[in-house]
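Treat the numbers as computed from the prediction; the structure is a model and nothing was measured. The chain is numbered in sequence order, starting from 1. Below, all heavy atoms of this structure are taken into account, side chains as well, without hydrogens, waters or symmetry copies.
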Amino acid sequence: LDITINGTISTPVTTPTPTKPPSNCPAVGPGNAINHGVQLVGYGSGTTGGGGNNTTTVSSRSQLESALQSNRTIYVNGTISGSGMIQVKDESNISVIGVGSNGRFQGVGLSFIRTSNIIIQNLSFENCSEDAINIENTTRAWIDHNTFSTSVNWEDCDSGSVKNQFDGQIDIKKNSRDVTVSFNYV
């Protein structure tokens with residue numbers, strides 16, 4: 001590749017060759033997130049979430065919605081089901097972490113608006129009626145080791161009914177910054 005600057009030809013620049021992840025990288029998917037040995041790097045570096053403080057374990061949507069009002073580290077050990085989004089607004093220092101392969105969201109997603117220092121880790125999102133994860137006007141977030149799936153057949157994606165039924169899996173928008181999305185399976 002030759003680059004021309006102000007009419008002068010510069011030295012050729014080589015494009016880096018993609019490399020495989022190191023052999024000590026964890027496998028992708030639920031059950032491999034906690035203590036997976038990979039240090040957070042990238043834009044979300046420095047994100048600590050709830051930092052292990054004020055912890056609770058939930059297994060239902062109502063328990064999760066209640067826990068998000070006061071707890072900073074929330075472990076999901078069961079299926080959170082429903083539709084729409086569970087919204088968290090104007091809060092900081094929150095971790096929502098799946099326990100083993102048991103942290104599941106069925107039909108419902110998580111929405112973080114005007115938040116900071118958020119960790120969403122080791123969860124499985126299935127057939128969310130809206131976004132699985134929505135990050136809006138948020139600083140420092142880490143979305144790590146989650147699985148996203150839908151029953152929509154990719155061949156039907158241009159169908160109006162499918163477009164209206166299922167939205168994106170992860171939306172990061174409206175002035176959100178310092179966000180790392182790592183080791184997720186979509």
Side-chain angles (χ1 to χ4, degrees), residues 26 29-149 167-184:
N32 300 310
I34 310 306
N35 299 319
H36 54 66
V38 175
Q39 180 179 359
L40 172 59
V41 295
Y43 292 108
S45 182
T47 301
T48 59
N53 296 319
N54 200 16
T55 66
T56 191
T57 301
V58 301
S59 59
S60 71
R61 182 177 181 155
S62 61
Q63 289 175 342
L64 176 60
E65 288 173 330
S66 177
L68 284 165
Q69 302 304 311
S70 60
N71 295 93
R72 299 298 102 188
T73 301
I74 302 165
Y75 294 100
V76 179
N77 190 10
T79 300
I80 309 299
S81 59
S83 63
M85 304 289 287
I86 296 172
Q87 292 195 359
V88 179
K89 291 184 179 179
D90 303 310
E91 297 287 339
S92 298
N93 309 320
I94 298 171
S95 296
V96 182
I97 302 170
V99 176
S101 61
N102 296 326
R104 298 180 57 215
F105 283 74
Q106 180 67 46
V108 65
L110 290 170
S111 180
F112 293 87
I113 301 171
R114 294 182 307 272
T115 60
S116 66
N117 199 26
I118 305 298
I119 294 176
I120 305 164
Q121 189 178 60
N122 200 44
L123 298 166
S124 174
F125 294 88
E126 303 164 12
N127 297 316
C128 294
S129 61
E130 295 181 36
D131 301 323
I133 297 174
N134 177 58
I135 303 289
E136 212 173 292
N137 289 310
T138 291
T139 57
R140 291 191 346 268
W142 185 21
I143 302 169
D144 178 62
H145 277 81
N146 300 289
T147 299
F148 304 90
S149 62
D167 195 0
Q169 298 295 325
I170 303 173
D171 279 354
I172 302 168
K173 58 191 178 187
K174 296 184 180 177
N175 294 321
S176 291
R177 63 185 190 280
D178 302 330
V179 177
T180 295
V181 178
S182 60
F183 299 105
N184 293 282

> Where do M85 and R61 come nearest, in terms of heavy atoms and distance?
O-NH2, 3.6 Å
> Whether the side chain of N146 engages the backbone of N122 through a donor-acceptor N/O pair (distance < 3.5 Å, no angle test) should be reported.
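Checked: pair present.
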> Which pair of heavy atoms, one from S92 and one from S116, lies closest together, and at what distance?
OG-OG, 2.9 Å
> Using a 6.0 Å cut-off, check whether atom NZ of K173 has over 12 heavy atoms from anything other than its own residue.
yes
> In terms of side-chain geometry, is the basic nitrogen of R140 or D178 positioned less than 4.0 Å from the acidic oxygen of its partner?
no
> Would you give the length of the straight line joining atom OG1 of T115 to atom CG of N93, rounded to the nearest 0.5 angstrom?
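These two atoms lie 10.0 Å from each other.
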> Could you verify whether a donor N or O on one side chain and an acceptor N or O on the other, from S124 and T147, lie under 3.5 Å apart?
no
> To the nearest 0.5 angstrom, please state how far the CD1 atom of I118 sits from the CZ atom of R72.
8.0 Å
> Can a donor-acceptor pair be found between the side chains of T138 and S176 at a distance below 3.5 Å?
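There is no such pair between these side chains.
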> At what distance, to the nearest 0.5 angstrom, does CG of L123 lie from CG of D144?
10.5 Å
> Is there side-chain contact between V88 and V96, with heavy atoms separated by less than 4.5 Å?
no
> Does the side-chain contact (heavy atoms from CB on, under 4.5 Å) test come out yes or no for E91 and L68, once each step is laid out?
CA-CA 9 Å; E91 297 287 339; L68 284 165; over 6 Å; no
> Atom CD1 in I135, atom OG in S111: separation rounded to 0.5 Å?
8.0 Å
> Between D171 and N134, does any side-chain donor sit less than 3.5 Å from a side-chain acceptor?
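Looking only at side-chain atoms, N134 and D171 do not form any donor-acceptor pair under 3.5 Å.
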> With a cut-off of 6.0 Å (strictly less than), are more than 12 heavy atoms of other residues, nucleotides or ligands near CG of N175?
no
> Among N54, T55, T56, which residue meets the side chain to side chain contact (heavy atoms under 4.5 Å, CB included) test with T73?
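Going through the options one by one, the only one that passes is T55.
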> Give, for atom CZ of F112 and atom CD1 of I86, the distance between the pair rounded to the nearest 0.5 Å.
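So the CZ of F112 and the CD1 of I86 are separated by 9.0 Å.
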> Do the side-chain N and O atoms of N117 and T48 include a donor-acceptor pair separated by under 3.5 angstrom?
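Yes, because at least one side-chain N or O of N117 sits under 3.5 Å from a partner of the opposite role on T48.
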> Of the non-hydrogen atoms in C128 and V108, which two are nearest, and what is the gap between them?
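So the minimum-distance heavy-atom pair works out to SG-O, 3.3 Å.
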> One thing to verify: whether K89 and E136 come together as a salt bridge, which I'm taking to mean a side-chain N less than 4.0 angstrom from a carboxylate O.
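The answer is no: the pair does not qualify as a salt bridge.
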> Any donor and acceptor pair, going by atom type alone, linking the side chain of S129 with main-chain N or O of G84 inside 3.5 Å?
yes
> State the CG-CD distance between N184 and Q121, to the nearest 0.5 angstrom.
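Atom-to-atom, N184:CG and Q121:CD are 9.5 Å apart.
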